[in-house]
Every structure is written in C-alpha cells, then in structure tokens.
Amino acid sequence: MAAALITANIIVSNFALFTKRYETAADNAPDVRIVFASDLHIGETGISPERIANKIKKDEPDIICLAGDIFSGGGDALRETFDFLTALADIAPVYFSLGNHELDMIKGGYDGLIDDIEKVGVTVLNDEYRDIIINGAALRIGGMLDDVFHFYYTKKAFAESPRADFLRRFSDTELYTVMLCHRSDSYNNYKNLGVKIAELIG
C-alpha cells in the first residue's frame, strides 16, 4: 500500500483564511504532512501573520513549503514577515522559493534578502534542491522562481540554459519529488521541452 503524502494548502484573502486539504499517494511517496503556502503578502492583508502561523501549527506539518510572495515590502511589513518566518521555523523545517515580490526586493537593492531569510532558520531554494529525510523516508524538494516567458525558449536554447541543467539534475532521482514554484501552472509547460515534471508541485 502506497504511503500517503498529505498536503494542507493555506489560502489567504483580505478578509478570510481558508485551508484546503489533499491526499496523494504513489509507490515512492513518503508518509509526510506538508503545508504549502504562497502569496501571503504579509503586511498587505487584513489577516495577521500570527493567525496564519497558529493555523499552520494546528495542522502539525512535518515540513512547511513557501512558494514565494510571502514578503510585501519594507518597514513594519518586513519586520512582521521575518517574525512570521521565525515562528514557522519553530514549528517544522521551512523551505522557501522566491516569488516576484522577493525578486523585486533584491533587484531594488536588498542584496542580502536570501541570507537574512536563512538566518531565521529557513532554507531558500533558488534553482536548488535538497534530499531530505522525513519520518524515516527520503524525498527530494526543489525550488524555483519560474519565468512566465519560458515557453519562448527554443529547445536548443533551453537545453543549454542553467534552468534546464537544474531541472535535469533535480529530476534525476528515484525519490519522490516536490517542487516549489511560484508560477506552478507554467512550470508544467516544461514537459514540452523534455523535462520530467515533479510529482508534487506547490
């Protein structure tokens, strides 16, 4: 009987906090509970980051996966976001892939953003992956900020790109694969360019 991989998906609007639960099974799936969240935009919504962290804690995740746009800007929002990440790191291992908001912050001069995220105990995966052991089982988790224009690659240009090299290395495994991708819908289009798509995408 295949092990179940349970995912709780946290959805935030300006007025309400929702949770969707999914169960998936595969021959190589570890028995792991994952919380996925993205686009929290801490500081922009009417939902307090403390409330989100408490909701995640109640779900008792084995790992927490954040797929970008957790940050919304500087000042109080920046402080609140780092406090939020610190709280999550006290709950379970946290893996973070960049979104366009984080990328804009880096382009805007915040060169140390990734280092500062990792200083609070969060692992940033930016075209990187880790092989991890959870509940005695192994899985591979990767992260990327997908670019919406990837489908304009020619096959030759894509084959020679750093992105293709990362995806080939990521998919070269028998482990169950999890990909954090801010634009997860467009990530699926890489299969048209000969890339093996992850078994779970968030």
List the steps and the verdict of ring pair (Phe, Tyr, Trp, His ring centres under 6.0 Å) for Tyr110 and Phe71. CA-CA 12 Å; Tyr110 192 165; Phe71 289 81; 7.6 Å; no
Verify side-chain contact (heavy atoms from CB on, under 4.5 Å) between His41 and Asp69, making sure each step is shown before the conclusion. CA-CA 6 Å; His41 300 281; Asp69 280 12; 3.5 Å; yes
Out of curiosity, [X] [atom1] to [Y] [atom2], how far, rounded to the nearest 0.5 Å?
X	Y	atom1	atom2	value
Glu128	Ser97	CD	OG	11.5 Å
Ser72	His101	OG	NE2	7.5 Å
Leu180	Tyr129	CG	OH	15.0 Å
Leu88	Cys65	CG	SG	11.0 Å
Glu102	Thr81	CD	OG1	8.5 Å
Thr123	Ile114	OG1	CD1	12.5 Å

Main-chain N/O of Phe170 paired to Arg140 side chain as donor or acceptor, under 3.5 Å: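 Yes; judged by distance alone, with no hydrogens or angles, the pair exists.
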Give a yes or no on whether the backbone of Val124 and the side-chain of Glu118 come within a donor-acceptor separation of less than 3.5 Å.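 It does hold such a pair.
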With a 4.0 Å cut-off, would you call [X] and [Y] a salt bridge?
X	Y	answer
Asp165	Arg169	yes
Asp62	Arg33	no
Asp172	Arg168	no

Only one of Leu103, Ile106, Leu98 passes side chain to side chain contact (heavy atoms under 4.5 Å, CB included) with Asn126; say which it is.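 Among the candidates, only Leu98 passes.
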Excluding sequence neighbours, so at least two apart, what forms salt bridge (Lys or Arg N to Asp or Glu O under 4.0 Å) with Lys57?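 Lys57 satisfies salt bridge (Lys or Arg N to Asp or Glu O under 4.0 Å) with no residue once adjacent residues are dropped.
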Assess the residue pair Ile64 and Leu66 against the criterion (side-chain contact (heavy atoms from CB on, under 4.5 Å)); give the C-alpha distance rounded to whole Å, side-chain angles, the decisive distance to 0.1 Å, and a yes or no. CA-CA 7 Å; Ile64 299 167; Leu66 305 176; 4.1 Å; yes
Closest non-hydrogen atom pair between Ala77 and Gly43, with its separation: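 Shortest heavy-atom separation between Ala77 and Gly43 comes out as CB-CA, 4.1 Å.
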Minimum-distance pair of heavy atoms, taken over all atoms of Ala67 and Ser38: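 Closest heavy-atom pair between Ala67 and Ser38: O-CB, 3.5 Å.
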Mind running side-chain contact (heavy atoms from CB on, under 4.5 Å) on Leu125 and Phe96 for me, showing each step along the way? CA-CA 6 Å; Leu125 299 172; Phe96 190 115; over 6 Å; no
Determine whether [X] and [Y] make a side-chain contact, defined as any pair of heavy atoms from C-beta on separated by less than 4.5 Å.
X	Y	value
Asp131	Leu175	yes
Val94	Ile63	no
Phe84	Leu40	yes
Thr177	Leu139	no

Between Asp83 and Arg79, does the salt bridge (Lys or Arg N to Asp or Glu O under 4.0 Å) criterion hold? Intermediate values first, please. CA-CA 6 Å; Asp83 288 347; Arg79 176 187 52 77; 3.5 Å; yes
Any chance you could lay out the side-chain contact (heavy atoms from CB on, under 4.5 Å) test for Met179 and Met144, step after step, and finish with the verdict? CA-CA 8 Å; Met179 176 63 78; Met144 58 189 285; 3.8 Å; yes
